[in-house]
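Small disclaimer: the values here were computed from a predicted structure and weren't measured.
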Amino acid sequence: MGTITAQEFAIRQPYYPAHPEHEAYYLKIANGIYEVIAKDDFGSGMSQGMRKHLAMTLAGYFQDIVADAGLWRSFITANRELFGWLVPFHDLSEDYVEFELNREDIEFLVWYDCAMLDSNRRLVSPLDPGLVGLAEKIFEYLEVRYDEAPVNEECNIARGLSYTDPEDQEDIMHLARWLFMQSWLLAPAFAATLQQIALEPEVRDDREGIVLQSRFDEAVTEYPTGPLALYSPEWVFLLLTGKLPDTAYDKQPVDVPVHPYYQKFIAATNGRKIAYFSNYEELNRFFIHSMGWEKGERHLDQFSDDHDFVLMVDEHKGMLLAKNIAKCIADPDNPLYDWNYASEHAIELLTQRGLCPADLLKFIFANGWLSDAHFLDSDNHQIVGKYHDFIARCYLQEYYRGD
């Protein structure tokens, strides 16, 4: 049975390459959690690498709350400000104490690591009995050690920094890199983004790794990450000030002119902002006869082999198109809606990057039209209905929060 090495643990710490006094204690905690996971039925189904990563995630959480290092506190604060609740998917018990050890926190983190990193459990329900059972065992392991756990002050790398002080900018950039690349809370969600970057042609052809490292550094400033898909300035501002910046609220643009497509679209659809087309020929006819595009042309011909289109118009942004998803949308006026298909595939709109444009997804949810979405091996549609914005942020990242 594998164990987490001192080096595997150390490189994920915010103070690395230093090795403070209490690092060995928390490495021991991580390996203790690993043993709990490996002996559990749900945990034994994970790869050794997945078990190690989950153990280090939970050891990172434990170290953070013992020292009040601020990352978990920031997550809870952001949830309260954005959504009005503290921990996703859970009605908190009377025993829940903010910023201290809680079983609901651990249940969420076990789900989060699995959803982001375990391809076999990517769509596991947050309330899966096996997952909850494993979380309970980990909670019991940590609970008996909580009161005596030493405070590792070295993990408080945000303490004392000022967001506006020029002299702190180098340390703030170090903080941002750690948050995105190694931190126990943000790095799991950033993994898929890093994989996308590694597959870029110019990166694959770079044998010395210079382009790869440059793209990774750019990604820290360009892309959102973490369970809330916040950008690095938003995470750093939250850690340093205890509140979210205005940019985190995705406000609607103001004083933007009406797009020229808007009036034509709603005139053709009797005032509706959305239309459905079973095949490319129907879609192309709409472009020509309703939108006034050039006759005799095959517009957007790259979609000619696709089907089940959804076309939406935004008053300020114009039209956006999605393919192969119309069957999932339970709009009463959607002739293509298919309950059987939607029951199996609707969850993909929130979890598969690039499948459904963010503005369309938000419009669908605002109208209650993705009512069939649920996690695998669960018929609990209420979870997705209540937490849809969080779920989309977590899985889709820049595809949901980007422009």
Which word best sums up how the rings of Tyr261 and His259 line up, parallel for under 30°, tilted for 30 to 60°, or perpendicular for over 60°? tilted
Can you tell me which residue pairs pass the ring pair (Phe, Tyr, Trp, His ring centres under 6.0 Å) test with a partner in residues 170-197, sequence neighbours excluded? Phe180-Phe190
With side chains defined as the heavy atoms from C-beta onward, is the minimum distance between Phe237 and Leu244 less than 4.5 Å? no
Is there side-chain contact between Tyr387 and Phe89, with heavy atoms separated by less than 4.5 Å? yes
Parallel, tilted or perpendicular, as decided by the 30° and 60° cut-offs, for the rings of Phe303 and Phe309: perpendicular
Are any non-hydrogen side-chain atoms of Val313 and Ile274 less than 4.5 angstrom apart? no
How long is the straight-line distance from CG of Leu336 back to CD1 of Ile325, given to the nearest 0.5 Å? 11.0 Å
Main chain of Asp301, side chain of Ser304: is a donor-acceptor contact present, judged purely on distance under 3.5 Å? yes
Please confirm whether the backbone N or O of Cys394 pairs with a side-chain atom of Gln397, one donor and one acceptor, at under 3.5 Å? yes
Search all heavy atoms of Ser125 against all heavy atoms of Ile383 and return the closest pair with its distance. OG-CD1, 4.3 Å
Any chance you could lay out the salt bridge (charged side-chain N to carboxylate O under 4.0 Å, His left out) test for Glu153 and Arg159, step after step, and finish with the verdict? CA-CA 10 Å; Glu153 292 289 356; Arg159 188 165 294 169; 3.5 Å; yes
Closest heavy-atom contact between Arg298 and Tyr280? C-OH, 3.0 Å
Between Arg122 and Asp118, does any side-chain N to carboxylate O distance fall below 4.0 Å? no
Exercise: identify the closest heavy-atom pair between Val124 and Cys114: CG1-CB, 4.3 Å
Do other residues, nucleotides or ligands put more than 12 heavy atoms under 6.0 Å from the CH2 atom of Trp339? no
Hey, could you give me each pair passing salt bridge (Lys or Arg N to Asp or Glu O under 4.0 Å) that has a residue in residues 332-350? Not counting sequence neighbours. Arg272-Asp333
Any sub-3.5 Å donor-acceptor pair from Asn102's side-chain atoms to Glu100's backbone N or O? yes
If you count heavy atoms of other groups shown closer than 6.0 angstrom to CD of Gln302, is the number above 12? yes
Residue Gln7 excluded, over 12 heavy atoms near CD under 6.0 Å: yes
Considering only NZ, NE, NH1 and NH2 on the basic side and carboxylate oxygens on the acidic side, decide whether Glu234 and Arg401 come within less than 4.0 Å. yes
I'd like to know if Glu222 pairs up with Arg215 as an ion pair, taking the criterion as any Lys NZ or Arg NE/NH1/NH2 lying under 4.0 Å from an Asp or Glu carboxylate oxygen. yes
If the threshold is 4.0 Å, N to carboxylate O, is there a salt bridge linking Asp41 and Lys137? no
Does a donor on one side chain and an acceptor on the other come within less than 3.5 Å for His90 and Glu107? yes
Less than 4.5 Å apart, any side-chain heavy atom of Val110 and any of Val132? no
Under 6.0 Å between ring centres, would you say that holds for Tyr112 and Phe108? yes
Check ring pair (Phe, Tyr, Trp, His ring centres under 6.0 Å) between Tyr16 and all other residues, then give those that pass, not counting sequence neighbours. none
Does Ser162 offer a backbone N or O that forms a donor-acceptor pair with the side chain of Asp168 under 3.5 Å? yes
Look at the side chain of Arg80 and the backbone N and O of Leu86, then say whether any donor-acceptor pair between them is shorter than 3.5 Å. no
Taking all non-hydrogen atoms of both residues into account, name the closest pair between His316 and Val256 and its distance. ND1-O, 2.9 Å
Heavy-atom count around Glu167 CD within 6.0 Å, excluding the residue itself: above 12? no
Is the distance between the ring centroids of Tyr231 and Tyr223 less than 6.0 Å? no
Verify the ring-centre separation between Phe363 and Trp369: is it less than 6.0 angstrom? yes
Evaluate side chain to side chain donor-acceptor pair (under 3.5 Å) for Thr57 paired with Asp113, printing each intermediate quantity in order. CA-CA 8 Å; Thr57 292; Asp113 243 41; 3.2 Å; yes
Can you check whether Ala342's main-chain N or O pairs, donor with acceptor, with Lys327's side chain at less than 3.5 Å? no
How far apart are the C-alpha atoms of Asp91 and Tyr96, what are their side-chain angles, what is the distance that settles it, and do they pass the side chain to side chain donor-acceptor pair (under 3.5 Å) test? CA-CA 10 Å; Asp91 295 323; Tyr96 191 91; over 6 Å; no
Quick check: do Thr225 and Leu179 have side-chain heavy atoms less than 4.5 Å from each other? no
Within the structure provided, determine whether Ile29 and Tyr34 are in side-chain contact (heavy-atom separation under 4.5 Å). no
Side-chain ion pair, Asp68 and Arg73, N-O less than 4.0 Å: yes
I'd like to know if Lys28 and Glu23 make a salt bridge, using a cut-off of under 4.0 Å between side-chain N and carboxylate O. no
Please report the closest heavy-atom contact between Leu360 and Ala322, naming both atoms and the distance. CD2-CB, 3.8 Å
Donor-acceptor pair between Glu81 and Tyr249 side chains, under 3.5 angstrom: yes
side-chain hydrogen bond (donor to acceptor under 3.5 Å, both in side chains) partner of Asn152, chosen from Gln63, Glu21, Gln13, His22: Gln63
Chi angles and distances behind the side chain to side chain donor-acceptor pair (under 3.5 Å) call for Tyr337, Asp331: CA-CA 7 Å; Tyr337 169 65; Asp331 174 0; over 6 Å; no
How close do Asn156 and Ala69 get, heavy atom to heavy atom, and via which atoms? OD1-CA, 2.7 Å
Treating Asn334 as the side-chain partner and Ala326 as the backbone partner, does any N or O pair qualify as donor plus acceptor under 3.5 Å? yes
Stacked cation flag Lys362 on Tyr400, 6.0 angstrom / 45 deg: yes
For His374 and His381, I'd like to know if the aromatic rings sit close, meaning centre-to-centre distance below 6.0 Å. yes
Cation-pi check, Arg145 onto Phe62 ring (under 6.0 Å, within 45° of axis): no
Would you call Leu230 and Pro224 a side-chain contact if the rule is heavy atoms closer than 4.5 Å? no
Under 6.0 Å between ring centres: does that hold for Phe99 and Trp72? no
Say whether Arg353 and Thr193, considering side chains only, have a donor N or O and an acceptor N or O under 3.5 Å apart. yes
Under 3.5 Å donor-acceptor, Asp306 side chain and Asn324 backbone: no
Counting only heavy atoms not in Glu202 (residues, nucleotides, ligands), do more than 12 fall under 6.0 Å from its CD? yes
So, the side chain of Glu35 versus the backbone of Gly32: is there a donor-acceptor pair under 3.5 Å, distance only? no
Measure the shortest side-chain to side-chain distance between Phe75 and Val87 over non-hydrogen atoms and say whether it is less than 4.5 angstrom. no
Is it true that a side-chain atom of Glu297 and a backbone atom of Glu294 form a donor plus acceptor pair closer than 3.5 Å? no
